[in-house]
*Asks:* 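Okay, here's the structure, questions in a sec.
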Amino acid sequence: MEITNVSEYEGIAKQKLPKMVFDYYASGAEDQWTLEENRNAFSRILFRPRILIDVSKIDLATTVLGFKISMPIMIAPTAMQKMAHPEGKQFLISTVYAFTFETLSSWATSSVEEVASTGPGIRFFQLYVYKDRNVVAQLVRRAERAGFKAIALTVDTPRLGRREADIKNRFTLPPFLTLKNFEGLDLGKMDEANDSGLASYVAGQIDRTLSWKDVKWLQTITKLPILVKGVLTAEDARLSIQAGAAGIIVSNHGARQLDYVPATIMALEEVVKAAQGRVPVFLDGGVRRGTDVFKALALGASGIFIGRPVLYSLAAEGEAGVRKVLQMLRDEFELTMALSGCRSLSEITRNHIVADWDLPQPLARL
């Protein structure tokens with residue numbers, strides 16, 4: 001079957017992966033309302049294309065924290081990629097850097113050193129803060145020594161959201177895999193539990209006291225810029241900047257934490273307005289089309305991150321699948337720019353879209 005869009009990989013991955021693994025990747029929290037809303041909200045934003053503009057040359061290139069990349073589409077941190085494919089991380093390394101860069105998860109099944117050894121490239125490191133701060137400090141310094149360029153601090157997980165699929169499946173990391181970054185610290189394995197092994201792991205290891213002062217503490221142990229990942233409100237955007245964040249990622253953790261929070265595309269503009277251009281604002285969650293990328297940039301995002309499409313394509317076709325996902329999104333985004341009359345990212349503006357919240361409420365309900 002010829003795959004023509006990113007979303008088609010999900011069905012293939014569902015057929016190929018063990019149920020426990022697919023459900024872990026695919027499911028959201030509780031009623032999964034936000035999981036659906038992350039996608040549905042994009043459909044409530046329409047285009048206002050401009051015509052008769054010479055779009056024979058289109059430039060998708062941009063910079064993120066001073067690093068130039070070929071397009072504003074980046075790879076989000078996703079845990080345990082080797083459940084999708086035994087050589088998942090190695091495939092991603094060779095594929096991603098032809099296009100953009102990725103953020104390595106703390107809970108990856110490849111270590112920061114293994115990833116760094118694959119060759120040059122821009123890499124960010126996603127961080128969970130453990131109760132043992134020595135573990136955190138050691139991990140951050142390892143990432144810095146390995147050449148990672150920034151820390152993406154996940155701030156929405158003092159406890160793990162209630163993921164009912166994981167509870168039913170009694171999810172745990174397969175015995176042939178470990179959380180490689182913690183292997184030498186006796187934290188690389190996940191014990192089986194009566195419900196979710198990951199929930200038990202988080203309850204035992206992740207620090208619930210994490211607060212704004214810890215963003216400042218991180219700045220005392222690393223010179224790397226810190227992105228705050230998990231911001232959904234203007235208030236927290238302002239506090240992130242006050243705490244010294246170099247950037248903000250609007251994220252609801254792939255709808256896996258608190259259900260009934262807004263879709264990230266709905267929260268984006270509020271956060272962008274609060275940031276007032278002082279730091280870049282990025283978005284993850286629900287992006288499946290190049291049109292979604294355009295809409296996010298029109299609402300003020302400096303770029304977007306994709307997660308599940310990478311995992312599904314990796315499970316379906318390995319390296320070729322990931323490469324195709326990135327190419328499809330790039331091609332769709334470029335086409336959207338052309339048909340909207342935009343030749344560079346700087347030409348994408350709020351005037352190129354209209355959202356349902358811009359309309360009088362009776363019209364918005366039509």
Side-chain angles (χ1 to χ4, degrees), residues 61-77 96-97 100-106 112 115-116 120-129 133 136-157 207 210-253 264 267-285 296-297 299-307 345-346:
T62 188
T63 57
V64 174
L65 300 184
F67 300 101
K68 189 168 183 178
I69 54 176
S70 67
M71 62 180 180
I73 302 167
M74 298 157 283
I75 306 297
V96 166
Y97 299 129
T100 182
F101 72 88
E102 76 159 324
T103 309
L104 181 71
S105 170
S106 284
V112 292
V115 170
I122 304 165
R123 303 177 179 99
F124 290 1
F125 181 71
Q126 177 270 331
L127 180 70
Y128 288 109
V129 175
R133 294 306 176 88
V136 179
Q138 183 179 336
L139 186 54
V140 167
R141 289 172 182 140
R142 283 170 57 196
E144 191 166 6
R145 283 196 304 271
F148 284 71
K149 304 302 184 185
I151 300 294
L153 174 65
T154 293
V155 295
D156 58 6
T157 316
D207 193 347
L210 186 69
S211 67
W212 290 109
K213 70 179 186 298
D214 295 306
V215 180
K216 293 185 176 294
W217 168 72
L218 277 175
Q219 293 168 61
T220 69
I221 65 170
T222 182
K223 295 179 181 177
L224 296 178
I226 296 166
L227 300 163
V228 176
K229 179 181 182 291
V231 175
L232 292 171
T233 64
E235 297 92 325
D236 284 339
R238 288 189 284 266
L239 288 170
S240 297
I241 295 168
Q242 290 172 21
I248 291 168
I249 302 176
V250 176
S251 173
N252 53 35
H253 212 108
T264 50
L268 175 61
E269 195 166 29
E270 174 184 333
V271 173
V272 167
K273 287 179 178 177
Q276 296 181 321
R278 290 173 288 178
V279 300
V281 176
F282 306 96
L283 172 139
D284 73 19
L297 268 61
L299 288 169
S302 294
I304 64 91
F305 289 86
I306 56 169
L345 303 191
S346 63

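Just so you know, residue 1 is the first one in the sequence shown, and it goes up from there. Values below: every heavy atom of this structure, side chains too, minus hydrogens, waters and symmetry copies.
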*Asks:* Is the closest side-chain heavy-atom distance between Thr154 and Gln126 below 4.5 Å?
*Replies:*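 A side-chain contact under 4.5 Å exists here.
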
*Asks:* Carefully, step by step, assess Ile248 and Val271 under the rule side chain to side chain contact (heavy atoms under 4.5 Å, CB included).
*Replies:* CA-CA 9 Å; Ile248 291 168; Val271 173; 3.9 Å; yes

*Asks:* Which atoms form the tightest heavy-atom contact between Val281 and Ala275, and what is the distance?
*Replies:*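 That closest heavy-atom pairing would be CG2-CB, 3.8 Å.
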
*Asks:* Determine, step by step, whether Val129 and Leu153 satisfy the side chain to side chain contact (heavy atoms under 4.5 Å, CB included) criterion, reporting the C-alpha distance in whole Å, the side-chain angles of both residues, the deciding distance to 0.1 Å, and the verdict.
*Replies:* CA-CA 8 Å; Val129 175; Leu153 174 65; 3.6 Å; yes

*Asks:* Which atom pair, heavy atoms only, marks the closest approach of Val215 to Ala243?
*Replies:*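 The answer is CG1-O, 3.8 Å.
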
*Asks:* Answer yes or no: is there a donor N or O on one side and an acceptor on the other, between the side chain of Arg141 and the main chain of Gln138, under 3.5 Å?
*Replies:*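 Checked: no pair found.
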
*Asks:* Could you check Asn252 against Thr264 for side-chain hydrogen bond (donor to acceptor under 3.5 Å, both in side chains), going step by step and ending with a plain yes or no?
*Replies:* CA-CA 7 Å; Asn252 53 35; Thr264 50; 4.9 Å; no

*Asks:* Would you call Leu232 and Val250 a side-chain contact if the rule is heavy atoms closer than 4.5 Å?
*Replies:*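 Side chain of Leu232 against side chain of Val250, heavy atoms only: contact under 4.5 Å found.
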
*Asks:* Check Arg278 against Arg238 and note the closest heavy-atom contact, atom names and distance.
*Replies:*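 So the two residues come closest at NH2-CG, 4.2 Å.
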
*Asks:* Compare every heavy atom of Ala237 with every heavy atom of Ala274, then report the nearest pair and how far apart it is.
*Replies:*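 Residues Ala274 and Ala237, closest heavy atoms: CB-CB, 4.0 Å.
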
*Asks:* So how far is it from Leu297 CG to Ser346 OG, rounded to the nearest 0.5 Å?
*Replies:*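 Those atoms lie 10.5 Å apart.
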
*Asks:* Any heavy-atom pair between the side chains of Val140 and Leu218 that's under 4.5 Å?
*Replies:*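 Result yes, sub-4.5 Å side-chain heavy-atom pair found.
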
*Asks:* What residues, two or more places apart in sequence or in another chain, satisfy side-chain contact (heavy atoms from CB on, under 4.5 Å) together with Lys213?
*Replies:*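 Residues passing side-chain contact (heavy atoms from CB on, under 4.5 Å) with Lys213: Ser211.
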
*Asks:* If you look at every heavy atom in Leu127 and Ser106, which pair is closest and at what distance?
*Replies:*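 Answer, listing the atom of Leu127 first, then Ser106: CA-OG, 3.3 Å.
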
*Asks:* Please determine which of Leu65, Ile75, Leu224 meets the side chain to side chain contact (heavy atoms under 4.5 Å, CB included) test together with Phe124.
*Replies:*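 The residue from Leu65, Ile75, Leu224 that satisfies side chain to side chain contact (heavy atoms under 4.5 Å, CB included) with Phe124 turns out to be Leu65.
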
*Asks:* Rounded at 0.5 Å granularity, tell me how far CG in Leu299 sits from CG in Leu283.
*Replies:*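 With rounding to 0.5 Å, CG (Leu299) is 9.0 Å from CG (Leu283).
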
*Asks:* Would you mind reporting whether Thr103 and Met74 have side-chain heavy atoms less than 4.5 Å apart?
*Replies:*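 A side-chain contact is absent here, since even the closest heavy-atom pair is not under 4.5 Å.
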
*Asks:* CG of Asp236 to CD of Gln242: how many Å apart, nearest 0.5 Å?
*Replies:*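 Answer for the CG-CD pair, Asp236 versus Gln242, is 10.5 Å.
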
*Asks:* For the residue pair Glu270 and Thr233, establish whether any side-chain heavy-atom pair is separated by less than 4.5 Å.
*Replies:*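 Yes, their side chains come closer than 4.5 Å.
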
*Asks:* I need the minimum non-hydrogen distance between Ser240 and Val231, along with the two atoms involved.
*Replies:*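 So the two residues come closest at OG-CG2, 3.7 Å.
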
*Asks:* So does Ile226 get a backbone contact from the side chain of Gln219, meaning a donor-acceptor N/O pair under 3.5 Å?
*Replies:*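 Side chain of Gln219 to backbone of Ile226, a donor-acceptor pair under 3.5 Å: no, none is there.
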
*Asks:* Any heavy-atom pair between the side chains of Val112 and Leu104 that's under 4.5 Å?
*Replies:*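 In short, these two side chains touch, coming nearer than 4.5 Å.
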
*Asks:* Quick one: does Arg133's side chain get under 4.5 Å of Trp217's, heavy atoms only?
*Replies:*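 The answer is yes; the side chains approach within 4.5 Å.
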
*Asks:* A side-chain contact here means heavy atoms from C-beta on lying under 4.5 Å apart; do Phe125 and Pro77 qualify?
*Replies:*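 Result no, sub-4.5 Å side-chain heavy-atom pair not found.
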
*Asks:* Rounded to the nearest 0.5 Å, what's the gap from CD1 on Ile221 to CG on Leu139? Could you check?
*Replies:*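 Answer rounded to 0.5 Å: 9.5 Å.
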
*Asks:* About how many Å separate NZ of Lys229 and CZ of Phe282, when rounded to the nearest 0.5 Å?
*Replies:*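 Going from the CZ atom of Phe282 to the NZ atom of Lys229 covers 13.5 Å.
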
